[in-house]
There are 2 protein chains.
Amino acid sequence: MAQLIDGKAIAARVRAEVQVEVARLKADRGLIPGLAVVRVGEDPASKIYVTGKKKAAEEVGFRSWEHHFDASISQDELLAQVRRLNDASAVHGILVQLPLPKHIDAELIISTVKPEKDVDGFHPISAGNLSLGRPGLRPCTPAGVMRLLEEVGCNPSGKRAVVVGRSNIVGKPMALMLLQKDATVTICHRKSDLPREVAQADILVVAVGVPELIQGDWIKPGAVVIDVGMNRKADGKLVGDVAFQAASQRASAITPVPGGVGPMTIAMLMRNTLLAATGGV
Amino acid sequence: MAQLIDGKAIAARVRAEVQVEVARLKADRGLIPGLAVVRVGEDPASKIYVTGKKKAAEEVGFRSWEHHFDASISQDELLAQVRRLNDASAVHGILVQLPLPKHIDAELIISTVKPEKDVDGFHPISAGNLSLGRPGLRPCTPAGVMRLLEEVGCNPSGKRAVVVGRSNIVGKPMALMLLQKDATVTICHRKSDLPREVAQADILVVAVGVPELIQGDWIKPGAVVIDVGMNRKADGKLVGDVAFQAASQRASAITPVPGGVGPMTIAMLMRNTLLAATGGV
C-alpha cells in the first residue's frame with residue numbers, strides 16, 4: 001500500500017513556518033504583511049474560498065481585507081479599485097477571486113495587479129518569469145505540489161514526470177516547475193493516449209477535473225501520484241481525478257482527496273504573501 | 001529516404017508574404033514598419049547576424065536602423081537608448097543583439113524593451129503570454145519551426161512531440177507552442193534518457209548545440225525531425241544536433257543543416273516586426 005501524503009499536516013507546517021517568520025518581521029522591522037482579497041458578486045463557492053483565505057491570513061498574523069463588490073460593478077470601477085490596492089503600501093498581496101462576472105475581462109483585471117503583489121502568480125509577468133526561470137511569484141497549487149514532493153523525499157531530477165491537464169493555473173506551471181527541477185516532463189491532455197503516458201510516470205500529477213479518470217492499473221508500480229482533482233460524485237462523495245483505491249495498490253506514495261493538494265494551495269498563498277511583503281522572491 | 005524540408009525556400013516564401021503586406025500597408029495607410037537593431041561591442045558573429053537582419057528588413061521594405069555602441073557603454077546609457085527607441089513612433093520592433101558585455105544585465109535590458117516592440121519574443125511578458133495562450137510576439141526560432149511543420153503538412157494535434165533542449169529561446173517556447181497545437185509534449189535535457197524519449201517522437205525538435213548527439217537509429221520510423229543545431233566540426237563542416245545521414249533513413253521528413261531552421265529565424269523576425277507595426281498580434 002502506498003504511503004499517504006498528508007497534505008493537511010504539511011500545509012499546517014507551511015503555515016506555521018510563515019507564522020514564525022511573520023512574528024520575526026513584526027519584532028525586527030515592525031512589518032506586518034497585508035493581503036487584500038477582492039470578491040465580486042455572490043458566487044457561493046467564491047465566498048467560502050475567500051473566507052478560508054482570510055481566516056488563514058489572520059492565523060499566520062497577516063493583516064487582511066476583503067473588498068466585496070456588487071456583481072453590477074463596472075470594469076472601469078473594478079480596475080480603479082485594483083489600482084488603489086496597487087498603490088496601498090500596507091497591501092503586499094492582492095488576490096482577485098475568480099470567476100468574475102461575464103461583463104468583466106478577467107485577464108485585464110489580473111494584468112492590472114502589480115506583478116510584485118500578484119500572490120496568485122497569474123499575471124503574465126509571473127508566468128513569464130516562471131517560464132524563463134527567473135525569480136517571481138509562482139501559482140500556489142503547483143508550488144504546493146512541489147512542496148509535497150519535497151516532503152516525501154521525492155527529488156524530480158532525472159525522473160519522468162507526467163502532468164495530465166494543461167491549465168494556466170496548474171498544468172502548465174506544474175510542468176515548468178518540474179522541468180526546472182530536472183525532471184523529463186510530459187504534458188498530456190484530451191488528445192493524449194493516457195494509459196500509455198501514465199504508465200511511464202515516476203511522478204504523476206493529474207489536474208483535469210474528471211472524477212477517477214486515471215485508472216489504478218495504468219500507474220507505474222512505485223510512482224508518486226499527486227491528485228489535484230476534487231470532484232463531487234452523484235452520491236455526494238468527494239473524489240479526485242485518480243481512482244484512489246486501485247492506484248494506492250501500485251503507487252509508492254499518493255495524495256488523498258480531500259486532504260492532499262487542497263490544503264496546500266492556501267498555505268502557499270500565505271507563503272507568497274510573505275515573500276511579496278519581504279521582496280523575497 | 002526522408003523528404004528534405006527546404007527551410008531556405010520556405011523562409012523566402014515567408015519573406016515574400018511579408019513584402020506583399022508591407023507594400024499594401026504603405027499604399028493603404030502610408031505605414032512603413034521600422035526595425036531598430038541594437039548592437040554593443042565588436043563580437044564578430046553579432047556583426048554578421050545584425051547585417052543579415054538589416055538586409056532582410058530592407059528587402060521586405062521595412063525601415064531599419066542599426067544602433068551600434070562601444071563595448072564600454074554603461075548599463076544606464078544603454079537603458080536610456082532602449083527607452084528612446086521605445087518612445088520613437090517610427091520604430092515598431094526593437095531587437096537587442098545578444099550577447100551583451102558582462103557589465104550589462106541582459107535580462108534588465110530585455111525587460112526594458114516595450115513588450116509591443118519585443119520582436120525577439122524574449123520579454124517576460126512575451127514569455128508569459130505564450131505560456132498563458134494569450135496573443136503576443138513569439139520567439140522567432142520556434143515560431144519558424146511551427147511554420148516548417150505546417151508547410152510539410154504535419155499537424156501536431158494528437159501526435160507525440162519530443163523537444164530536446166530547454167533553453168528560453170528555443171526549447172521551452174517550442175514545447176509550449178506544440179502543446180498549444182494539441183501535441184502531447186515531452187521536454188528532455190541532459191538528465192533524460194534520450195534514446196528512449198527520441199524513439200517515441202512523432203515530431204522531434206532538437207536544440208542543444210551538441211554535434212550529432214541524436215543518433216539515427218534512435219529515431220522512430222516516419223518521424224518528422226527538426227534540427228535546430230548548427231555546429232562546426234573540427235574539419236570545418238557544419239552539422240546539426242542530429243546525425244543527418246542515418247536519421248534521414250528513418251524519418252519521413254527532416255531539416256538539413258544548414259538550410260533548414262536557420263533561414264526561418266530571420267524570416268519570422270520580419271513577420272514579428274510586421275505584426276508589431278500593425279498591432280496584429
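Letters go in sequence order (proteins before strands), and every chain restarts at 1. Below, all heavy atoms of this structure are taken into account, side chains as well, without hydrogens, waters or symmetry copies.
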| request: Sort B:Glu197 into side chain, backbone, both or neither according to what part of it lies under 4.5 angstrom from a heavy atom of chain A. | output: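 The answer is the side chain of B:Glu197.
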At a 4.5 Å cut-off on heavy atoms, which part of B:Ala175 comes close to chain A: side chain, backbone, both, or neither?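 B:Ala175 has no heavy atom closer than 4.5 Å to chain A.
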- request: Grab the two heavy atoms, one from B:Lys172 and one from A:Leu132, that are nearest each other, plus how far apart they are.
  value: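 Distance-wise, the nearest heavy atoms are NZ-C, 3.9 Å.
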For A:Arg134 and B:Pro124, work out which heavy atoms get closest and say how close.
->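 Looking at all heavy atoms of both residues, the closest pair is NH1-CG, 3.4 Å.
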Practice item. State, with a plain yes or no, whether a side-chain heavy atom of B:Leu176 is found less than 4.5 Å away from one of A:Ser131. Key: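 SC-SC contact between B:Leu176 and A:Ser131 confirmed.
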*Within a radius of less than 6.0 Å around CZ of B:Arg84, do more than 12 heavy atoms belonging to other residues, nucleotides or ligands occur?*
yes
Does the [X] side chain pair with the main chain of [Y], one donor and one acceptor, at a distance under 3.5 Å?
X        : Y        : value
A:His123 : B:Gly128 : no
A:His189 : B:Leu179 : no
A:Lys191 : B:Asp182 : no

At a 4.5 Å cut-off on heavy atoms, which part of [X] comes close to chain B: side chain, backbone, both, or neither?
X        : answer
A:Arg160 : side chain
A:Ser157 : side chain
A:Ala161 : neither

- request: Indicate whether any N or O donor in one side chain lies under 3.5 Å from an N or O acceptor in the other, for A:Arg196 and B:Gln200.
  value: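 Yes, side-chain donor-acceptor contact under 3.5 Å.
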> Taking every heavy-atom pair that is under 4.5 Å apart, which of A:Thr184, A:Ile169, A:Asn129 has the most such pairs with chain B?
Replying inline: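 Counting heavy-atom pairs under 4.5 Å, the top option is A:Thr184.
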Result for side-chain contact (heavy atoms from CB on, under 4.5 Å) between A:Thr186 and one of B:Thr186, B:Val162, B:Ile187 points to B:Thr186
